> 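Sharing a structure with you now.
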Amino acid sequence: MPALAPKKIYTIEDIYALPDGERAELIDGQIYMMAPPSRTHQTIARELFSAINSYIKSRGGFCESFFAPFAVFLNKDDNTNYVEPDISVICDKSKLTDKGCSGAPDWIIEIVSPGSKRMDYFTKLFKYRTAGVREYWIVDPEKNRILVYNFESEDTGDYTFADSVRAGIYDDLLINFQNIADLLNI
């Protein structure tokens with residue numbers, strides 16, 4: 001029986017070499033191409049980012065929030081993992097460089113698209129947890145569901161777009177998903 005051909009391991013250099021306009025993520029040396037987001041996806045991302053960013057600014061917070069495309073190199077010295085979360089909140093400014101975030105953000109939100117379900121629910125959940133992300137939200141408009149993973153306290157919450165959801169990394173940030181549902185008529 002012939003030996004299996006070794007699987008090609010891609011690096012961040014391969015991501016940077018993609019043609020202009022093409023976006024991809026790199027997980028454990030494998031490239032995953034990204035489709036353009038839908039209007040629903042963008043509306044949710046805009047509203048969440050706006051709420052989070054306004055909260056941080058109004059409190060004179062030291063954390064910074066970013067929206068995709070924003071490069072996150074999950075493990076500081078590893079060139080085989082590169083993601084572009086829909087929203088990232090980074091509280092350790094030493095992780096921020098001109099290229100993005102070098103190390104795990106404190107809070108990541110991914111908005112599920114039809115082509116990203118497996119990645120968001122399984123692959124990224126594992127990668128974010130092991131990289132040291134403190135909190136991870138999966139927002140799934142198709143399922144009317146928001147899953148909240150607080151890795152520090154090992155709590156998990158399951159919400160709908162009719163709920164207000166409390167951020168785990170802040171004591172008093174509550175995001176009203178009903179407002180977003182109203183914008184989208186869902």
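Residues take their numbers from the sequence shown, with the count starting at 1. Everything numeric here is computed off the predicted structure, so don't read it as measured data.
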> Both conditions, 6.0 Å and 45 degrees, for the charged tip of Lys124 above the ring of Phe126: are they met here?
no

> Is the side chain of Thr97 donor-acceptor paired with the backbone N or O of Lys99 at a distance under 3.5 Å, no angle test?
yes

> Looking at OG1 of Thr160 and CG of Asn144, how far apart are the two atoms once the value is rounded to the nearest 0.5 Å?
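One finds 5.0 Å between OG1 of Thr160 and CG of Asn144.
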
> Rounded to the nearest 0.5 Å, what's the gap from NE2 on His41 to CG on Leu184? Could you check?
12.0 Å

> Would you name the heavy atoms of Glu135 and Phe151 that are closest together and state the gap between them?
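Nearest heavy atoms, Glu135 then Phe151: N-CD1, 4.5 Å.
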
> Under 30°, 30 to 60°, or over 60°: which ring-plane class applies to Tyr149 and Tyr136, parallel, tilted or perpendicular?
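Tyr149 vs Tyr136 ring planes: parallel.
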
> I'd like to know if the side chain of Glu64 and the backbone of Ile90 have a donor-acceptor N/O pair within less than 3.5 Å.
no

> Side chains of Phe161 and Ile146: does their closest heavy-atom pair fall under 4.5 Å?
yes

> Between the side chain of Glu84 and the main-chain N/O of Ala71, is any donor-acceptor distance below 3.5 Å?
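Checking the backbone N and O of Ala71 against the side chain of Glu84, no donor-acceptor pair under 3.5 Å is found.
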
> Within a strict 4.5 Å, meaning less than it, do heavy atoms of the Asn179 and Glu47 side chains meet?
no

> Has the side chain of Asp86 got a donor or acceptor atom that lies under 3.5 Å from a matching backbone atom of Ile111?
yes

> A quick test of your reading: do over 12 heavy atoms of other residues, nucleotides or ligands sit less than 6.0 Å from CZ of Arg46?
yes

> Under 3.5 Å, side chain of Glu142 to main-chain N/O of Pro114, donor-acceptor pair present?
no

> Does Lys57 make a cation-pi contact with Phe49 (under 6.0 Å, within 45 degrees of the axis)?
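No, Lys57 does not lie over the aromatic ring of Phe49.
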
> May I ask you to say whether Asp172 pairs ionically with Arg166, meaning some side-chain N is under 4.0 Å from a carboxylate O?
no

> Do Ser65 and Asn53 pair up side chain to side chain, a donor and an acceptor below 3.5 Å, judged on atom types alone?
yes

> Group every Ile, Leu, Val, Met, Phe, Trp and Tyr by side-chain heavy-atom contacts under 4.5 Å, then state whether Leu48 and Phe67 land in the same group.
yes

> Are Ile186 and Ile180 connected in the hydrophobic side-chain network, where two residues link if heavy atoms are under 4.5 Å apart?
yes

> To the nearest 0.5 Å, tell me how far Glu110 CD sits from Leu125 CG.
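Glu110 CD to Leu125 CG: 11.0 Å, rounded to 0.5 Å.
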
> Check this for me: does any side-chain nitrogen of one of Asp140 and Arg145 sit under 4.0 Å from a carboxylate oxygen of the other?
no

> Are Phe66 and Phe73 co-members of a hydrophobic cluster defined by side-chain heavy atoms under 4.5 Å apart?
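They do not share one cluster, since no chain of ILVMFWY contacts under 4.5 Å joins Phe73 to Phe66.
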
> Might you work through the side chain to side chain contact (heavy atoms under 4.5 Å, CB included) test for Gln30 and Ile9, ending with a clear yes or no?
CA-CA 6 Å; Gln30 296 305 299; Ile9 301 297; 4.1 Å; yes

> If we only count heavy atoms from C-beta on, is the Asp14 to Ile31 side-chain gap below 4.5 Å?
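They are in side-chain contact.
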
> Apply side chain to side chain contact (heavy atoms under 4.5 Å, CB included) to the pair Ile109 and Ile52, showing each step before the final yes or no.
CA-CA 11 Å; Ile109 299 174; Ile52 294 164; 3.6 Å; yes

> When clusters are formed by joining ILVMFWY residues with side-chain heavy atoms under 4.5 Å apart, either directly or through shared neighbours, do Trp137 and Ile56 land in the same one?
yes

> So which heavy atom on Ser113 is nearest to which on Asp120, and how close?
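In terms of heavy atoms, the two residues are closest at N-OD2, 4.4 Å.
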
> May I ask you to check whether Tyr55 and Tyr170 place their ring centers less than 6.0 Å from one another?
yes

> Determine whether the side chains of Asn150 and Glu154 contain a donor N or O and an acceptor N or O closer than 3.5 Å.
no

> Do the non-hydrogen side-chain atoms of Leu74 and Val83 ever get within less than 4.5 Å of each other?
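Heavy-atom side-chain distance check passes, below 4.5 Å.
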
> Heavy atoms only: give me the nearest Leu26-Gly29 pair and the separation to one decimal.
CD1-C, 3.7 Å

> With a 4.5 Å limit on heavy-atom distance, are the side chains of Tyr32 and Met119 in contact?
yes

> Indicate yes or no: at least one non-hydrogen side-chain atom of Lys127 is less than 4.5 angstrom from one of Val133.
no

> Does Ser164 offer a backbone N or O that forms a donor-acceptor pair with the side chain of Asn176 under 3.5 Å?
no

> Which residue in the set Lys95, Arg134, Lys93 passes salt bridge (charged side-chain N to carboxylate O under 4.0 Å, His left out) when paired with Asp106?
Arg134

> Under 6.0 Å from the OH atom of Tyr16, do we count more than 12 heavy atoms belonging to anything else shown?
yes

> Could you give the distance from CD1 (Ile108) to SG (Cys101), rounded to the nearest 0.5 Å?
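Ile108 CD1 to Cys101 SG: 8.0 Å, rounded to 0.5 Å.
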
> Could you go step by step and tell me if Phe177 and Val139 meet the side chain to side chain contact (heavy atoms under 4.5 Å, CB included) rule?
CA-CA 10 Å; Phe177 275 85; Val139 178; 4.1 Å; yes

> If I compare all heavy atoms of Gly132 with all of Ala104, which pair ends up nearest, and what's the gap?
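For Gly132 and Ala104, the tightest heavy-atom pair comes out as C-CB, 3.7 Å.
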
> So, Asp78 versus Asn81: side-chain donor-acceptor pair below 3.5 Å or not?
yes

> Hey, what do you get for OG1 (Thr123) to OH (Tyr128), rounding to the nearest 0.5 Å?
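Those atoms lie 10.5 Å apart.
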
> Give the cluster check for Val112 versus Leu147: same hydrophobic cluster or not, with ILVMFWY residues linked at side-chain heavy-atom distances below 4.5 Å.
yes

> Evaluate Asp28 against Tyr10 for side chain to side chain contact (heavy atoms under 4.5 Å, CB included), listing each step before the verdict.
CA-CA 8 Å; Asp28 295 330; Tyr10 294 93; over 6 Å; no

> Taking C-beta and beyond as the side chain, do Phe70 and Pro85 meet within less than 4.5 Å on heavy atoms?
no

